[in-house]
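In the text below, chain A, chain B and the rest are named by the order of the sequence lines, each starting its count at 1. As the structure is a prediction and not an experimental result, all values here were calculated from the model.
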Protein chains: 2
Amino acid sequence: MTTGSRKLNGAGKRSTRQRALIMDIIRRGQGHLDADEIFRRAREKEPRLSLSTVYRTLQMMKELDLIDELHFTESHHHYEVKPTREHHHLVCLGCGRVIEFDYPLSSYLKKEVPEAKGFEIEETEISVAGYCARCQRARR
Amino acid sequence: MTTGSRKLNGAGKRSTRQRALIMDIIRRGQGHLDADEIFRRAREKEPRLSLSTVYRTLQMMKELDLIDELHFTESHHHYEVKPTREHHHLVCLGCGRVIEFDYPLSSYLKKEVPEAKGFEIEETEISVAGYCARCQRARR
DNA sequence: AATGCTATTGCAAATCATTTGCAATAATAA
DNA sequence: TTATTATTGCAAATGATTTGCAATAGCATT
């Protein structure tokens with residue numbers, strides 16, 4: 001009954017050791033893990049786990065709305081459990097650190113941006129890249 | 001002197017037929033073309049052009065700040081000439097249409113989001129996915 | 001205009017992230 | 001406990017992008 005297994009069963013999916021483990025890692029990882037990092041951490045507990053299982057699980061969790069996929073500047077993606085409050089991400093190009101900030105973009109858009117009025121918004125994502133205070137110092 | 005060749009020369013780069021063509025296509029494409037689409041259009045004029053040249057050119061234009069790379073929900077990227085006003089994108093999941101809207105996010109962030117204060121912002125990107133008015137009708 | 005230096009190109013092969021086919025395995029309902 | 005079929009691991013496929021290398025073409029100089 002952890003890890004959304006209720007939602008899994010509800011959708012006619014089976015709740016397996018691998019899926020529980022993967023969801024656990026995503027939750028503990030405080031968001032911002034990529035598929036490969038999830039895979040590496042999962043392997044410590046479950047050495048025979050395959051990368052495809054990770055990808056298949058991520059895919060399914062997205063569809064069940066248990067996790068969000070984040071698109072930073074990189075070519076691969078990052079994952080976090082579905083957040084309660086709408087928030088977005090500052091990514092430091094120096095050290096890779098991710099800082100979250102709350103920001104109710106979608107309601108804002110609907111009020112302020114005429115082009116967004118006729119639009120049925122499914123997903124919003126802000127990503128901001130730059131240098132955190134520490135890395136700014138290091139760059140001088 | 002078209003197509004940023006001034007900036008090219010300034011950076012000790014050569015201005016070639018392929019580069020001019022690619023930049024031209026990006027400019028005419030009103031933004032929102034991906035590498036492969038740029039390649040297909042460029043081939044009509046320059047049949048021996050290779051895809052690597054397209055990628056190498058995109059890479060360089062990014063570095064010279066002549067173009068921006070956009071990250072929609074998809075796995076590949078899109079490109080547009082560096083815009084004058086800060087704007088962002090609504091992408092329709094139904095028909096793929098891209099609608100631009102002005103929104104001065106970075107100045108807003110600096111004012112309103114405490115976490116962003118210590119940050120030196122290099123790049124901001126909002127992407128909003130959903131269904132445009134037409135596609136909403138079609139889905140019922 | 002011809003020459004030489006070296007950046008740039010086209011092509012093929014490599015790489016990275018992700019997806020897929022398939023036979024073996026395991027979760028659930030009967 | 002058994003039968004059914006979703007799920008897994010593995011290997012091979014795919015899609016996007018990058019890289020090595022020899023041939024070509026800009027451009028500064030003669």
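Between the C1' atom of dT18(D) and the CZ atom of Arg56(B) lies a distance of 9 Å, rounded to the nearest Å. If you take CD of Glu69(B) and C1' of dT18(D), they are 14 Å apart, rounded to a whole angstrom. Here dT18(D) presents its C1' atom at 15 Å from CE of Met60(B), a figure rounded to the nearest Å. In this entry the distance linking CD of Glu63(A) with P of dT7(D) reads 12 Å, nearest Å. dT7(D) atom C1' lies 15 Å from atom CG of Leu64(A), rounded to whole Å. Atom C1' of nucleotide dA17(C) and atom NE2 of His71(A) are separated by 13 Å, given to the nearest angstrom. Residue Leu21(B) contributes atom CG, which lies 10 Å from atom P of dG10(C) at whole-angstrom precision.
Using a 4.0 Å cut-off, no side-chain N or O of Ser75(B) falls inside it from OP1 or OP2 of dA16(D). Contact check, Gln59(A) against dT18(C): no side-chain N or O comes under 4.0 Å of OP1 or OP2.
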For every nucleotide of nucleotides 25-30 of chain C, 5' to 3': is a protein heavy atom under 4.0 Å from its base (B), only from its sugar-phosphate (S), or from neither (-)?
-BBS--

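Put simply, NZ on Lys62(A) and CE on Met60(A) are 12.5 Å apart, with the number rounded to the nearest 0.5 Å. Residue Thr57(A) holds its OG1 atom at 11.0 Å from NZ of Lys13(A), rounded to the nearest 0.5 Å.
Listed in residue order, the members of residues 33-51 of chain B having a heavy atom less than 4.0 Å from DNA chain C are Arg48(B), Leu49(B), Ser50(B).
Side chain Arg19(B) to base dG26(D): no donor-acceptor pair is found below 3.5 Å.
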With side chain to side chain contact (heavy atoms under 4.5 Å, CB included) as the test, would you mind laying out the steps for Glu86(A) and Thr124(A) before giving the verdict?
CA-CA 9 Å; Glu86(A) 187 181 350; Thr124(A) 63; 3.0 Å; yes

Can you check ring pair (Phe, Tyr, Trp, His ring centres under 6.0 Å) on Phe119(A) and Phe101(B), steps first, answer last?
CA-CA 12 Å; Phe119(A) 224 79; Phe101(B) 61 92; 9.3 Å; no

With ring pair (Phe, Tyr, Trp, His ring centres under 6.0 Å) as the test, would you mind laying out the steps for His71(B) and His71(A) before giving the verdict?
CA-CA 7 Å; His71(B) 310 94; His71(A) 309 95; 8.9 Å; no

From CA spacing to verdict: side chain to side chain contact (heavy atoms under 4.5 Å, CB included), Leu58(A), Tyr79(A)
CA-CA 8 Å; Leu58(A) 291 172; Tyr79(A) 301 87; 3.6 Å; yes

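Between Glu100(B) and His89(B), the closest side-chain pair of non-hydrogen atoms falls below 4.5 Å. Side chains of Lys82(A) and Asp65(A) form a contact here, defined as non-hydrogen atoms less than 4.5 Å apart.
Taking the six-membered ring where the residue is Trp, Phe72(B) and His32(B) present tilted rings, their angle falling between 30° and 60°.
Comparing the helix axis at one end of the helix from dA1(C)-dT30(D) to dA30(C)-dT1(D) with that at the other, each defined from 5 consecutive pairs, gives an inter-axis angle of 40° (nearest 10°).
Residue His76(B) places its side chain closer to dA16(D) than to any other of dT9(C), dT19(C), dA16(D). For Tyr55(B), counting side-chain heavy atoms from C-beta on, the closest listed nucleotide (dT17(D), dT18(C), dT20(C)) is dT17(D).
Clustering ILVMFWY residues whenever any of their side-chain heavy atoms sit less than 4.5 angstrom apart, transitively, puts Ile38(A) in a cluster other than the one holding Val98(A).
Applying the side-chain contact (heavy atoms from CB on, under 4.5 Å) test between His87(A) and each of Ile126(A), Leu105(A), Asp102(A) identifies Asp102(A) as the sole match. Of the residues Arg40(B), Arg19(B), Arg17(B), Arg41(B), the one that meets the salt bridge (Lys or Arg N to Asp or Glu O under 4.0 Å) test with Glu46(B) is Arg17(B).
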